[in-house]
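Scroll down for the structure; my scribbles are underneath it.
Just so you know, residue 1 is the first one in the sequence shown, and it goes up from there. All values below come from the heavy atoms of this structure, side chains included, with hydrogens, waters and symmetry mates left out.
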Amino acid sequence: RMYVHLGRGNLVRSKDIIGIFSLEDEANDFVALRDVGGNSYVKEDLTEGGTSYSVVLTSDRMYFSGISALTLQKRMNDKSVTGTGGYDER
């Protein structure tokens, strides 16, 4: 299994990620999003009160991260975090 580190020690399985979006002062646009069934997403602020730079969307959660969307997308494409939580030396 591959995981993406979203910041502050939080990992999400890469296969569970629907999208990674840059906020650029548009956080309120994401807060109102609903899933296919019309339900609100569980929102998790991973910044501990800091600035959110990106939103990571899974089927049931919306993670607000202090890491830029570009960096998170690179991490996802890099596949550098393995199922053990360690970094792959390949």
Is there side-chain contact between [X] and [Y], with at least one heavy-atom pair below 4.5 Å?
{"X": "Phe64", "Y": "Leu23", "result": "yes"}
{"X": "Leu46", "Y": "Asn10", "result": "yes"}
{"X": "Leu70", "Y": "Ser22", "result": "no"}
{"X": "Asp45", "Y": "Ser52", "result": "yes"}
{"X": "Met2", "Y": "Arg13", "result": "no"}
{"X": "Met76", "Y": "Ile20", "result": "yes"}
{"X": "Leu11", "Y": "Leu6", "result": "no"}

Inset, instruction - Please test Glu48 against Arg8 for side chain to side chain contact (heavy atoms under 4.5 Å, CB included), starting from the C-alpha separation and ending with a verdict. - result: CA-CA 8 Å; Glu48 297 181 0; Arg8 305 272 187 207; 3.6 Å; yes
To the nearest 0.5 angstrom, please state how far the [atom1] atom of [X] sits from the [atom2] atom of [Y].
{"X": "Asp35", "Y": "Met62", "atom1": "CG", "atom2": "CE", "value": "9.5 Å"}
{"X": "Leu72", "Y": "Ile17", "atom1": "CG", "atom2": "CD1", "value": "7.5 Å"}
{"X": "Thr58", "Y": "Tyr41", "atom1": "OG1", "atom2": "OH", "value": "8.0 Å"}

Legend entry - Sidechain-backbone polar pair: Asn77 side chain, Lys74 backbone, donor-acceptor under 3.5 Å: no
Inset, instruction - Taking Ser54 for its side chain and Ile67 for its backbone only, find out whether a donor-acceptor pair lies under 3.5 Å. - result: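 Such a contact is found between Ser54 side chain and Ile67 backbone.
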